[in-house]
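In the text below, chain A, chain B and the rest are named by the order of the sequence lines, each starting its count at 1. Nothing here was measured: the structure is a model prediction, and the numbers come from that model.
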Amino acid sequence: MNRCQRLALLLVPIVLGAISAALPGRAQTPSSSRFAFADTTLLRDTLGISFTDLFELADSLRLTPDTLRALSVRYRFPPVRMVHLADSLGIPVDSVGVVLERERFNPLARTGDENVTAMLYTTNYNVQQTQSSWGNNLDFNLERGPLFLRNLTLISIDRYSSGAIDTRRKTRNANTEAGWRLNQDMSLGARAIVEVFDSDDPSSGVITDKSNDFQFSGRSRQAPTRNLSTELNMFAGILDQTGSQVEKFGMTGEANARMLYRRGAWFSNELRGTFSGNAARTRLPGAPEHQRTHDYNQLATANLQLYPNSPVGLIANAKYRDGRVETPSAVPQDSGRTRLALSSGLDGSLDIRMRRTADRYLNLTSNFGTTDAGSASYTGQTERFNRVLGTDGRYDLLGWVLEGRFSNGFNRTESPRVTVDGGYIEEVENRNLDGKLNRRLTPKLNLQLNGGISLALYRYTVVDSYPSPPVSRDNYRQSYRVDVLYNYSTRFNTGAGLEVARTQLVNIAATSTSANNITRTYRADWRWTYRLTTGLTATQRNTLSANYLAYTFREGQDRLNLEYGNVTTLNAVLSPRLVLNLTHSSSLAPSGSYLQDDVDGEWFFSPSDRSQVFELRSDLSYTPTPGFSLTLAPLYRSVEREGTVNGVTAPQRQDRTLTVDGGAVVSLPVAQRGRLEGNFGRRFQGQRTATYTAGVAEIAPVTEQDFWRGALTFSWQL
Amino acid sequence: MAALTLRVAFLAGLVAAAGCNYFRPTEPETPTNPPLRTNYGHPDSSLQSMNVGLADKSTQGSGAYITALAESISTSTPAFHQLFWPEDVVTWSGLVPGDWNASFEQRLYSYLIGLRPLDTYKLIWSDGRTTDNIDFIGGFAQIERRYRVVTYNSDGDSTILALGFADLTFYQDALDRWVITLWVDKSDDDPDVPDRLTLGKRRLQAQSE
């Protein structure tokens with residue numbers, strides 16, 4: 001099979017996806033075989049959150065399951081709830097938390113007229129071996145008729161220890177807003193934003209930065225028609241900044257607006273814009289005179305959705321940003337002058353989505369962007385342009401589920417002044433094609449095939465006389481992987497996989513081609529899980545891998561790295577309150593180069609280095625009462641490294657490490673409105689190292705570490 | 001819908017047709033110089049590779065020299081930084097860069113090989129005055145080394161361009177290379193050398209050229 005035929009095979013899912021968009025077909029439920037190989041540890045309940053349907057939801061949102069899980073844990077919402085909120089707010093799921101945080105300070109978001117007195121106080125303490133942090137947060141909300149008062153105060157103290165030196169960083173932020181809601185659609189008020197930062201870091205000296213913003217605020221929202229809603233918010237006031245970098249005093253202001261037009265379920269268009277700026281008298285710390293400076297930032301975004309839930313839909317996004325920062329010059333000969341840093345950017349995307357079911361769709365995607373990042377100095381300015389065209393699709397047919405993805409991306413970065421001598425222009429093109437095929441062969445046997453190919457081309461052009469531009473080169477990679485999973489029963493399942501990959505580094509210019517190389521990787525693994533009895537499950541994973549590194553133009557420099565790994569876990573639920581996990585792992589990794597036989601001239605592998613790692617770990621958890629657990633986790637680790645000197649294998653180094661970590665995990669209510677959550681404990685670690693010189697061991701004294709660690713949070717709600 | 005399908009099929013056909021060479025890497029040029037023998041598998045090997053790179057006085061040599069320094073875009077190690085000997089800063093009348101990173105170090109290479117373009121170069125490393133602290137398992141090392149940049153003309157006469165001590169911090173990167181993340185430059189009070197310029201002073205000269 002030649003290269004064209006192999007590539008044509010990978011394009012099959014795209015063509016089938018295109019056909020699926022045109023032919024009539026009946027709705028089908030998603031094929032579960034696609035998730036047979038998913039990481040089921042992501043489904044474990046955490047912080048009382050259930051992750052049912054995580055894979056299906058993540059797939060429909062085009063997110064990775066671990067991203068959706070992380071968002072759920074961060075904002076304490078189950079995935080289903082996150083998706084519901086995203087749908088009702090009309091925003092992407094990863095913006096839900098940001099929007100909810102922002103709306104807390106919007107008095108117009110209030111729906112009822114009842115009086116509100118709410119306060120949430122949170123304090124957390126986190127201690128590790130060389131650093132600790134203590135945070136205190138107060139979130140206060142008072143509403144009486146049309147009057148409202150909100151305050152969010154954050155205070156944190158971080159302490160870092162390095163040898164005999166202690167460094168402290170204190171951060172204090174307070175955001176207070178009070179006002180009067182004239183009616184349901186308009187409010188007037190004032191806000192104060194106070195920020196103070198102190199640091200006594202010896203590397204940067206004592207720093208105290210203060211920033212005070214006092215502003216009048218006006219918020220309004222309008223709904224001229226049933227389909228159209230708008231918002232306009234304005235802030236204006238004074239700015240007062242002092243600190244180690246710059247001192248600034250003057251007027252500041254911000255205006256932001258939003259317009260949303262929806263027409264049924266087939267059309268929505270949202271426009272957002274923000275302009276903020278200041279006119280101030282600015283000077284460097286200690287400078288005798290002030291200069292007049294003007295800074296501004298403006299941001300405009302647009303989102304257009306046409307038939308987003310129909311078989312064929314279109315989604316377009318655009319974002320424009322522009323800004324400037326003016327600072328007094330630090331160069332003595334420029335005294336009295338200011339320097340401008342200008343930056344701007346434009347990004348856009350256009351997606352055409354054709355979807356019949358979750359397993360029959362085709363997407364055509366395109367992105368482009370341009371960025372002009374300025375700098376207040378002679379060097380450092382860059383201009384970037386990028387565009388990506390791509391398509392991805394999925395098609396199920398007779399129990400087979402085919403997925404394909406293709407993309408072509410181009411980036412151009414102009415850095416004409418990396419140094420005063422000049423700079424260079426970088427052009428990078430990325431070409432990617434990959435595919436996946438799933439099939440439930442029998443009710444107990446699942447098969448998955450993965451294949452991919454990519455090429456990245458890096459090209460550089462020198463501007464002026466820049467002496468050392470990066471090397472023009474190509475990076476190539478192709479790989480395929482076969483996985484099978486056999487579910488014999490609910491008590492026993494086993495799976496195996498084989499992956500073959502080839503990567504190639506190609507430097508173009510003759511002066512650098514000596515580093516060109518090809519790496520061939522072969523990796524196989526076999527795993528099984530067996531529930532021996534109720535509450536006792538054994539799991540084992542065995543891996544084999546080999547990396548053959550060959551230099552194209554260097555004879556005698558080729559290398560081979562091998563690795564054999566094994567991890568065995570015994571999970572025992574001894575009682576509803578007592579759980580024990582026992583894990584043994586081992587790794588053996590020889591490596592070496594190739595030598596030429598003096599007699600027949602053949603090259604043979606000569607091991608030159610070998611490392612062995614063995615680890616035994618147990619995790620014991622006892623839960624005497626819900627919300628409180630005691631944990632004990634001893635870990636023993638042995639590392640041995642051998643090397644070959646003049647053809648003789650000799651030990652180089654041995655390490656023996658024992659770590660014992662014991663502590664408690666709490667999640668308890670305190671009185672009626674308080675809650676204590678977190679963990680704390682003590683960790684002990686002892687290590688002995690032996691290094692060998694000419695075969696003779698030099699045993700270093702035992703090193704020990706013994707310290708408290710923990711992270712506790714107490715919250716109290718009025 | 002049918003028209004759309006045709007377009008998509010056409011696009012797929014285009015990709016397939018272009019696929020024959022679409023993923024084929026460019027044919028590289030044949031090496032003009034013999035490949036440099038570099039090895040970054042040990043901190044001292046990395047220092048010797050810097051010597052090989054300096055001695056080569058070419059783009060290839062510059063690459064060998066710079067490879068021994070941690071990349072600023074690497075996520076596996078901190079970026080390279082060099083700290084000047086305080087006396088060098090005090091006696092220097094020009095601009096002193098706040099952060100001497102790998103980008104600046106490339107200028108040092110070009111500056112050094114331009115000082116005596118006809119000479120042969122050597123960067124000689126020897127033991128420092130403190131005990132090495134090398135953690136092979138953790139991929140971290142702190143060592144002190146004495147350095148000398150020496151050139152030899154066609155008659156065999158030598159010139160010392162720079163000498164000093166360096167407190168060097170190494171990390172092992174994702175490719176198992178020992179790369180320098182921190183270079184603390186120190187002077188060498190060798191009474192036999194009349195003009196004791198450190199590499200730090202040469203760096204200051206390089207950036208003012």
Exercise. So, the side chain of R431(A) versus the backbone of Y22(B): is there a donor-acceptor pair under 3.5 Å, distance only?
Worked result: yes

Toward chain B, the part of [X] with a non-hydrogen atom under 4.5 Å:
X       : value
R477(A) : neither
N475(A) : neither
S454(A) : backbone
D655(A) : side chain

Applying a strict 4.5 Å limit to non-hydrogen atoms, the region of T26(B) in contact with chain A is both

Cut-off 4.5 Å, heavy atoms of chain A, and the answer for I134(B) is backbone

Applying side-chain contact (heavy atoms from CB on, under 4.5 Å) to T657(A) and not counting sequence neighbours gives R637(A), T659(A), Q685(A), Q687(A)

Less than 4.5 Å apart, side chain to side chain, heavy atoms only: is that true for Y466(A) and Q106(B)? yes

Q. Run the salt bridge (charged side-chain N to carboxylate O under 4.0 Å, His left out) check on R24(B) and D474(A) step by step: do they pass?
A. CA-CA 9 Å; R24(B) 176 175 292 171; D474(A) 288 358; over 6 Å; no

- Message: Looking at E87(B), I'd like to know if its CD atom is crowded, meaning that more than 12 non-hydrogen atoms belonging to other residues, nucleotides or ligands lie closer than 6.0 Å.
- Response: no

| task | May I ask you to check whether over 12 heavy atoms, not counting those of K122(B), lie within 6.0 Å of atom NZ? | result | no

Scanning both residues in full, the closest heavy-atom pair of P25(B) with Q504(A) reads CG-OE1, 4.1 Å

Residues at least two apart in sequence or cross-chain that pass side-chain hydrogen bond (donor to acceptor under 3.5 Å, both in side chains) with Y109(B), listed by chain then number, are none

